[in-house]
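Beneath this line is the structure, given in structure tokens, with notes to follow.
Below, read A as the first sequence line, B as the second, and so on, with proteins coming before strands; counting in each chain starts at 1.
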Protein chains: 2
Amino acid sequence: MNQILVVDDDQELRTTLVEVLEQEGLQAVAARNADDALEQLKQETYDLILLDLVMPGTDGMTAIPLIRKQAPRTRIIIMTAYASVQNAVQSLQQGGDDYIVKPFKIDGLMLTVRLNLQKARFCEETEAVDLDKIFNGLANSLRRQTLQLLSRQGQMRFMDLVRALEVEDHTKVNFHLKALREAGFIDQTADKSYHLTTNGQRAATCLSYICKSLEA
Amino acid sequence: MNQILVVDDDQELRTTLVEVLEQEGLQAVAARNADDALEQLKQETYDLILLDLVMPGTDGMTAIPLIRKQAPRTRIIIMTAYASVQNAVQSLQQGGDDYIVKPFKIDGLMLTVRLNLQKARFCEETEAVDLDKIFNGLANSLRRQTLQLLSRQGQMRFMDLVRALEVEDHTKVNFHLKALREAGFIDQTADKSYHLTTNGQRAATCLSYICKSLEA
DNA sequence: TCGCCCTGTGAAGAAAACTTCACAAGAGAT
DNA sequence: ATCTCTTGTGAAGTTTTCTTCACAGGGCGA
């Protein structure tokens with residue numbers, strides 16, 4: 001069951017959000033400011049946080065790194081008012097995962113929430129993979145790009161991959177694809193298209209997580 | 001300089017969008033349908049595409065995978081006239097990066113555009129520089145153990161470290177400590193004790209996060 | 001059929017990473 | 001002063017990883 005924490009100083013919006021989320025079958029809890037939220041994070045782990053940027057006391061922007069430290073795996077969605085490009089950009093740099101512009105429609109909110117929960121899900125599905133394999137897979141820039149491309153595209157044929165990576169010598173790509181296949185990160189379909197395996201998806205997610213944490 | 005491609009069958013909106021984007025200091029080019037867009041993608045690489053979902057001829061939804069194939073790194077923002085979740089979800093699944101609901105305000109558009117350009121830029125930078133360092137630091141088992149030890153202990157002297165790692169040859173440890181220091185992960189105090197730097201702490205956090213997600 | 005692109009293999013060489021060894025300056029104890 | 005432990009350096013050698021090259025079968029359009 002997905003636990004969601006709503007952080008907003010507006011009593012009415014807070015209540016509405018919790019109701020809406022619960023109607024959608026999600027468990028939601030509210031906090032009225034950042035400090036309360038941090039307190040609640042100590043008691044309970046959440047899958048996702050809806051965080052207002054503008055609040056009295058500790059504001060959302062300041063809270064992001066603190067939340068990240070306390071709950072590195074929780075996805076943070078920033079709720080920001082129109083017309084503040086800087087704020088939104090900055091909040092993502094601070095470690096936010098996504099944003100939604102206020103005022104928003106329920107549909108738009110749920111879309112964002114569901115997408116982010118989906119992205120977070122990888123944390124739970126697991127089977128032991130040894131670290132050497134993971135890091136060997138991720139140690140090389142070309143392999144990282146490959147994982148990201150495949151993660152994004154779903155599947156790609158060999159030559160498309162070569163061109164996307166902008167590598168002149170296709171055998172070089174072949175070498176790394178072999179390495180990735182041996183690491184169990186990628187596989188081929190009947191028509192020879194490459195795609196990520198479950199472990200590959202996991203590695204790709206690790207990668208994007210690390211990217212994000214460097215952003216902070 | 002950021003290159004943007006606007007794809008919309010509405011002549012007026014197309015022109016307006018290009019003007020607005022150029023006023024904001026971005027380079028924008030327009031295409032009046034998906035096939036033209038694909039043609040232009042062959043000539044030039046774009047950082048971002050604003051794509052209308054409903055168009056005569058090849059529609060936006062169909063175009064997404066084709067664009068992705070041609071320009072895998074370009075960010076695709078869907079403009080959808082129907083605020084329907086289905087369309088948006090489906091377009092994201094097809095490989096879109098973000099969406100915006102028509103009619104939209106200039107502010108909202110620019111927010112979305114800027115955020116997506118930011119994300120794209122960030123991906124490139126990180127891929128180029130930081131990640132090689134990070135993974136070089138984490139690629140080796142001895143170095144990982146060192147990071148974990150220092151993370152737990154705060155600081156340790158050289159020989160204590162050697163013994164904790166159960167390595168016979170102290171120069172071997174020395175080699176890896178040097179690598180970690182060059183990666184900017186560790187540093188020494190005046191009394192020669194080793195400790196993590198900020199980046200080192202970050203790397204250690206990444207590491208423990210990954211471990212955790214693999215165990216679960 | 002011919003030529004061309006796709007997909008791939010294997011070997012050889014180059015580069016990077018890692019280990020081992022030989023040695024040494026300083027600090028402290030005896 | 002001598003001994004030992006700590007904390008290194010640098011060179012040489014080994015192993016692993018990466019790149020490059022030469023080649024080859026299959027498919028497909030002209």
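Among residues at least two apart or in separate chains, side-chain hydrogen bond (donor to acceptor under 3.5 Å, both in side chains) pairs with a member in residues 178-187 of chain A are A:Arg181-A:Gln188.
The side chain to side chain donor-acceptor pair (under 3.5 Å) search around B:Ser141 returns B:Gln145, not counting sequence neighbours. With sequence neighbours left out, B:Asp10 forms a side chain to side chain donor-acceptor pair (under 3.5 Å) with no residue at all. Under the salt bridge (charged side-chain N to carboxylate O under 4.0 Å, His left out) criterion, B:Asp36 pairs with B:Arg32, not counting sequence neighbours.
The structure places CG of B:Leu115 at 8.5 Å from CD1 of B:Ile77, a figure rounded to the nearest 0.5 Å.
Atoms CG (B:Leu177) and P (C:dC18) sit 13 Å apart, rounded to a whole Å. Rounded to whole Å, atom P of C:dG8 lies 14 Å from atom CD of A:Glu182.
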Residues B:Gln11, B:Thr15; criterion side-chain hydrogen bond (donor to acceptor under 3.5 Å, both in side chains); working and verdict:
CA-CA 6 Å; B:Gln11 151 84 51; B:Thr15 317; 3.0 Å; yes
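Between B:Phe158 and B:His170, the two ring planes are perpendicular [angle over 60°; tilted spans 30° to 60°].
With respect to the salt-bridge test (charged N to carboxylate O, under 4.0 angstrom), the residues B:Asp52 and B:Arg14 do not qualify.
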Reading 5' to 3' through nucleotides 3-20 of chain D, protein heavy-atom contacts under 4.0 Å coded B for base, S for sugar-phosphate only, - for none:
---SBBB--------BBB
I'd like a list of close polar pairs between nucleotides 25-28 of chain C and the protein, N/O only, cut-off under 3.5 Å.
none

